[in-house]
Amino acid sequence: MEKILKKLDLIDYIDSFSKLLAREKSIILEGDINLHFKLINELSKFDFKAPNKVENLDSALMHIQKQGILKIYEIFEFIKIINYFRYLKRFNFDGKMLEWLDKIIIPTDVIKISDYFDDKANLKDGIDEDFDNIKYAISKNKEAIKQSLYKIINSSKVRTYLVDSQVHYINGEEALLVRGGFNHVLSGSVIDRSNSGFFYVVPHSISELKQKQSDLKNKQEEILYKICKEISSLFEKNLLFLKFLNKEFDRFDHYQARLFFAKMGDKNFILPSKNDVNRLVDFCHPALHNPKPITIDFTKSVVMITGVNAGGKTMMLKSILSAVFLSKYLLPYKAHHDTVVSNFKFINAVLDDPQSVKNDISTFAGRMVEFSKLFSAKNAIVGVDEIELGTDSDEAASLFKVIIEDLIQRDIKVIITTHHKRLAALMASNDNVELVAALYDEENQRPTYEFLQGTIGRSYAFETASRYGIPLSVVKRAKEVYGEDKDKLNELIERSSSLEREYKQKITKLDEEIANMQRITSNLKEQKEKLDEHIYSEKSKLHKEYSDARDEAKKAIKAKLVSESHQHLNIAHQKAKEIKVEKVQEVVELVVGDRVKYRNTKGTIVSIKGNKAYIENDMGMKVQVMLSDLSRSGNPPPPKIPSKKATVTIQRPETGSIKLDLHGQRADEAIENLDKFLSDALLAGFEEVLVYHGIGTGKLAFAVKEFLKKHPKVKGFEDAHPSSGGFGAKVIKL
């Protein structure tokens, strides 16, 4: 950990954060990072005080486990933690924070012990009568010693030998500072001499009082030992709770330190994302004073940073890795909240030169050792500064091109800085490579510390040399040796790289538009064919039904009996009445934001996923339905009327809870039916439903449980009563 922090210049930043922790510990916050973020977010809404510094209690817990007796100061360290959680429980937390604190139930006898002490770790009066009496006796004895000393000081015989009228504390003893010859008027023991040659004397008249003081303190220690023994015994009975509380305190300590650290300097928490998007927005590296904010998209597998010397390429590399590191451990930093960073399992930085006498290894060999480790890594991000360092740049370009392409296939993200354009030119056509150039102010001949994506940057070596004092004549001759043709070649590489990327973007955009037009054309052709088939089918159906009705009418005309003719006419009339034409509806593509109708409910499409859509009805309720069940509604949403508080009593249907039986269904089929069932139940206003899934292999039960956990409208669920299915059914509260 310290090695990567040093490479990324984060040592001071992490030290500043660690000072906010109540006790020293690793910065790693173990567990579900999303849950930790929710708890920190909920905690940020409250104004609370940070905990006092607390000592590590691992050895004290081990001492209790071995039935040892704690010292009074060790007991008080536990009391500080207990009292802090008692303090937190006074807040009106809700959500996950309330759930977490509700799990911390402090035993009554432990609370009683915590009330024994004041804020300075002293036992309060009234806890132990013998201790109170001893404390009072010590106080009285101290006063007696003080009075005896002042009586001697005010004695006319002694006053002439006193250097001053103060009581001095020397080696824990009350003494008087006197001149030589004092033994004629004062009987006492010399315990020290001053720099001026005077004597510190303890009068014999207070020796008896001092002995009494010592005896009283010994007695006090005996009583205190007895109290510590009783408390240690009680702590032993609650050992599991104390271990749990000690662990939970560390967890809260992480939360409060991160929260207060975020408030210092207006930092943001950037939660690691599960998608493949990676983008820094206005990131400021904490090691820099007044830095220029960095914005860069590093979503592609490789980011290759080229351009001017001393233009900030290495700091750009460190900034990307630093943001990934800080997000991984949920540490706040200065960046815009639109910043998106993936969660990488491993972070590696190849920044320094490994060559040394001690290592007995060359620069290039050391780099190869570092790269060899990457071939066994997974879900990693690595930063390499001056990738071709230590060998011929042309050979290195060919070698690293192949290495980088292999790492891309292994899903490893690589951030590279380089001065040489050979490797950049070889990788420029790769869609997985993002080129970034450090910009240079040619007019003022200095780096701008700004970056441009999608191009290769020049090194400006000659300009930099001139700027830092190399004679112009030397620089001019160097340019001649370098050659005008190579300079033009560099410009062509940069221009061709930019043009290639520009044309690729245009081609990609055109391909998308063509694909979209082909999809629309195909859909229209399909719709026309379906409509033609439907019209032909309806036409045949109408022709048959019309013929049947006509035949009945003819029979009525031919019938001789009036009653029989009426009967046939009635049948013909009934057949004509039953002729129905299915309404042909135009197939329309619905998009997010369209007004739609679902059964008797109207609302707006919030999101679409596959053949399903989430709609928000005019009452504000969100439900998931099939797209095929929706029709377009042209009516605008009703105006929102300020809600008035009202009490509505809904009588539960006489048939009891709504039930759904999923027995015998596949998991995906069952989840789809359960989703629709819950949507219908919500629209119907039911607050509780019963779903049977059976026990079987447990796959269906597990799928139902996982789906219910994620459903936004499910308040809770539990196994049904044995009479209603037991473990094979779930009672769901909506």
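Everything numeric here is computed off the predicted structure, so don't read it as measured data.
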Side chains of Leu374 and Val382: closer than 4.5 Å at any heavy-atom pair?
-> yes
Non-hydrogen atoms of Pro332 and Arg258 that approach each other most closely | CG-O, 3.7 Å
Asp9 side chain to Leu5 main-chain N or O, any donor-acceptor pair under 3.5 Å?
-> no
Phe198 and Val178 have their tightest heavy-atom pair at CB-O, 3.5 Å
Sub-4.5 Å side-chain heavy-atom contact between Phe241 and Ile106 | yes
Electrostatic pair Arg86:Asp115 at N-O distance under 4.0 angstrom = yes
Give a yes or no answer on whether the side chain of Glu42 reaches the backbone of Met97 with a donor-acceptor pair at less than 3.5 Å.
-> yes
For Ile153 and Arg159, which heavy atoms make the closest approach, and how far apart are they?
-> O-NE, 4.1 Å
Parallel, tilted or perpendicular: rings of His285 and Phe283 (30°, 60°) = perpendicular
Lys135 pairs by salt bridge (charged side-chain N to carboxylate O under 4.0 Å, His left out) with which of Asp128, Asp125, Asp130?
-> Asp125
Given the rule in the side-chain contact (heavy atoms from CB on, under 4.5 Å) test, do Ile113 and Ile111 qualify, once you have shown the distances and angles that lead to the verdict?
-> CA-CA 5 Å; Ile113 294 298; Ile111 292 176; over 6 Å; no
Spacing of CG belonging to Asn34 relative to CG belonging to Leu39, to within rounding of 0.5 Å | 11.0 Å
Does one side chain, of Ser165 or Tyr150, offer a donor that lies under 3.5 Å from an acceptor on the other?
-> no
Please tell me if the side chains of Asn238 and Phe235 come closer than 4.5 Å, counting only heavy atoms from C-beta onward.
-> no
Evaluation steps, side-chain contact (heavy atoms from CB on, under 4.5 Å), between Ile11 and Glu2 | CA-CA 8 Å; Ile11 292 285; Glu2 188 174 351; 4.0 Å; yes
Separation between CG (Leu239) and OG (Ser232), nearest 0.5 Å, reads 11.5 Å
What is the minimum heavy-atom distance between Val158 and Val185, and which atoms define it?
-> CG2-O, 4.0 Å
Is the side chain of Lys7 donor-acceptor paired with the backbone N or O of Lys318 at a distance under 3.5 Å, no angle test?
-> no
Give a yes or no on whether Asn183 atom CG has more than 12 heavy-atom contacts from other residues, nucleotides or ligands under 6.0 Å away.
-> yes
Grab the two heavy atoms, one from Leu280 and one from Ile320, that are nearest each other, plus how far apart they are.
-> CD1-CA, 4.0 Å
To the nearest 0.5 Å, tell me how far Leu21 CG sits from Phe261 CZ.
-> 10.5 Å
Listed partners of His168 passing side-chain hydrogen bond (donor to acceptor under 3.5 Å, both in side chains), at least two apart = Asp164
Salt bridge Asp282-Lys334, side-chain N to carboxylate O under 4.0 Å = no
Tyr87 six-ring face occupied by Lys49 cation (under 6.0 Å, within 45°) | yes
Note: Arg251-Glu248 ion pair, threshold 4.0 Å (strictly below) | yes
Within the distance-only criterion (no hydrogens, no angle test), does the side chain of Asn278 pair as donor or acceptor with the backbone N or O of Val341 below 3.5 angstrom?
-> no
Taking everything shown except Lys124 itself, do over 12 heavy atoms lie less than 6.0 Å from its NZ?
-> yes
Does any non-hydrogen side-chain atom of Thr339 lie less than 4.5 Å from one of Arg279?
-> no
I'd like a table of donor-acceptor pairs (distance under 3.5 Å, sequence neighbours excluded) in which one partner is a side-chain atom from residues 213-230, with atom names and distances.
{"unit_1": "Gln213", "atom_1": "OE1", "unit_2": "Asn141", "atom_2": "ND2", "d": "2.7"}
{"unit_1": "Asp215", "atom_1": "OD1", "unit_2": "Gln211", "atom_2": "NE2", "d": "3.2"}
{"unit_1": "Asn218", "atom_1": "ND2", "unit_2": "Ser214", "atom_2": "O", "d": "3.3"}

Check: Tyr329 ring centre within less than 6.0 Å of Phe325 ring centre | yes
Would you sort out whether Glu77 and Lys80 count as a salt bridge (charged side-chain N to carboxylate O under 4.0 Å, His left out), showing the intermediate values?
-> CA-CA 5 Å; Glu77 293 301 310; Lys80 283 196 283 188; 3.2 Å; yes
In terms of heavy-atom contacts, does NZ of Lys71 have more than 12 from other residues, nucleotides or ligands at under 6.0 Å?
-> no
Spatial distance of atom CG (Leu209) from atom NZ (Lys142) [nearest 0.5 Å] | 13.5 Å
Evaluation steps, salt bridge (charged side-chain N to carboxylate O under 4.0 Å, His left out), between Asp109 and Lys237 | CA-CA 10 Å; Asp109 50 358; Lys237 295 176 183 177; over 6 Å; no
Pairwise side-chain contact, Ile138 with Ile134, heavy-atom cut-off 4.5 Å (strictly under) | yes
Rounded to the nearest 0.5 Å, the CG atom of Asn246 sits from the CD1 atom of Ile81 at a distance of 5.0 Å
Do Ser18 and Glu24 touch side chain to side chain, with heavy atoms closer than 4.5 Å?
-> no
Mind checking whether Lys53 and Arg23 have side chains closer than 4.5 Å, heavy atoms only?
-> no
CG/Leu317 to CD/Glu386 distance, rounded to the nearest 0.5 angstrom?
-> 10.0 Å
Would you say Asp192's side chain and Tyr200's backbone share a donor-acceptor pair under 3.5 angstrom?
-> no
Passes side chain to side chain donor-acceptor pair (under 3.5 Å), Ser327 versus Tyr333? Steps please.
-> CA-CA 9 Å; Ser327 290; Tyr333 53 89; 2.8 Å; yes
Relative to each other, are the rings of Phe269 and Phe37 parallel, tilted or perpendicular (30° and 60° limits)?
-> perpendicular
Answer yes or no: does atom CG of Asp119 have more than 12 heavy-atom neighbours from other residues, nucleotides or ligands under 6.0 Å?
-> no
Check against side-chain contact (heavy atoms from CB on, under 4.5 Å), Phe252 and Leu43 = CA-CA 10 Å; Phe252 183 85; Leu43 194 61; 3.7 Å; yes
Side chain of Asn268, backbone of Ile270: donor and acceptor closer than 3.5 Å?
-> no
Near-ring test Phe46/Phe48, centroid separation under 6.0 angstrom | no
Are Phe260 and Tyr255 near enough that their ring centres are under 6.0 Å apart?
-> no
Smallest separation among heavy atoms of Gly180 and Phe199, with atom names | CA-CE1, 3.8 Å
Distance-only, no hydrogens or angles: does the Lys89 side chain make a donor-acceptor pair with backbone N or O of Ile104 under 3.5 Å?
-> yes
Note, Glu143 side chain near Lys140 side chain (heavy atom, < 4.5 Å) = no
Got more than 12 heavy atoms from elsewhere within 6.0 Å of NZ, Lys6?
-> no
Ser194 and Leu177: CA distance, side-chain angles, deciding distance, side-chain contact (heavy atoms from CB on, under 4.5 Å) verdict | CA-CA 8 Å; Ser194 70; Leu177 185 60; 4.2 Å; yes
Output yes when Glu174 and Lys210 qualify as a salt bridge under the 4.0 Å nitrogen-oxygen rule, no when they do not.
-> yes
